[in-house]
Amino acid sequence: MESVDHILKEITDLTTEIETNYPELYRNLDENPITLKESHSSHLNKKALQDYLERLKQLLKHHT
């Protein structure tokens, strides 16, 4: 299972790739800084990040 740090790195790398190589797609991302509430369960935060990463991957896949 991936760590939160690894997922965040993947999100950053993928977002940078989209911004650099697909600026027309990046403009439509409506990117806002991710703000996660403090939680006793990091599982929820990790799940939200993993879901976001998967949405970014799917967006890029369907765009290319």
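Remark: the E54 side chain and the Q58 side chain contain no N/O donor-acceptor pair separated by less than 3.5 Å.
I7 and Q50 get closest at one heavy-atom pair: CD1-OE1, 3.2 Å.
The structure places CG of L60 at 6.0 Å from CG of L14, a figure rounded to the nearest 0.5 Å. From R55, atom CZ reaches atom CD1 of I11 across 9.0 Å, with rounding to the nearest 0.5 Å. In this structure, CG on L8 lies 9.5 Å from CG on L53, to the nearest 0.5 angstrom. Note that the OG1 atom of T15 and the CG atom of L56 stand 5.0 Å from one another [nearest 0.5 Å].
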Go through it in stages, so that I can follow the logic: the residues are D51 and K47, the test is salt bridge (charged side-chain N to carboxylate O under 4.0 Å, His left out), and I'd like the CA-CA distance, side-chain angles, deciding distance and then a yes or no. CA-CA 6 Å; D51 289 348; K47 172 85 170 103; 2.9 Å; yes

Given Y26 and N21, is the side chain to side chain contact (heavy atoms under 4.5 Å, CB included) satisfied, shown in steps? CA-CA 9 Å; Y26 184 77; N21 299 320; over 6 Å; no

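Residues meeting the ring pair (Phe, Tyr, Trp, His ring centres under 6.0 Å) test with H6, sequence neighbours left out: none. For the side chain to side chain donor-acceptor pair (under 3.5 Å) test, no residue two or more places apart in sequence or in another chain qualifies with D5.
Between E2 and K46 no salt bridge is recorded (no basic side-chain N to carboxylate O distance below 4.0 Å).
For residues 11-26, the pairs satisfying salt bridge (charged side-chain N to carboxylate O under 4.0 Å, His left out) are K9-D13, with sequence neighbours left out.
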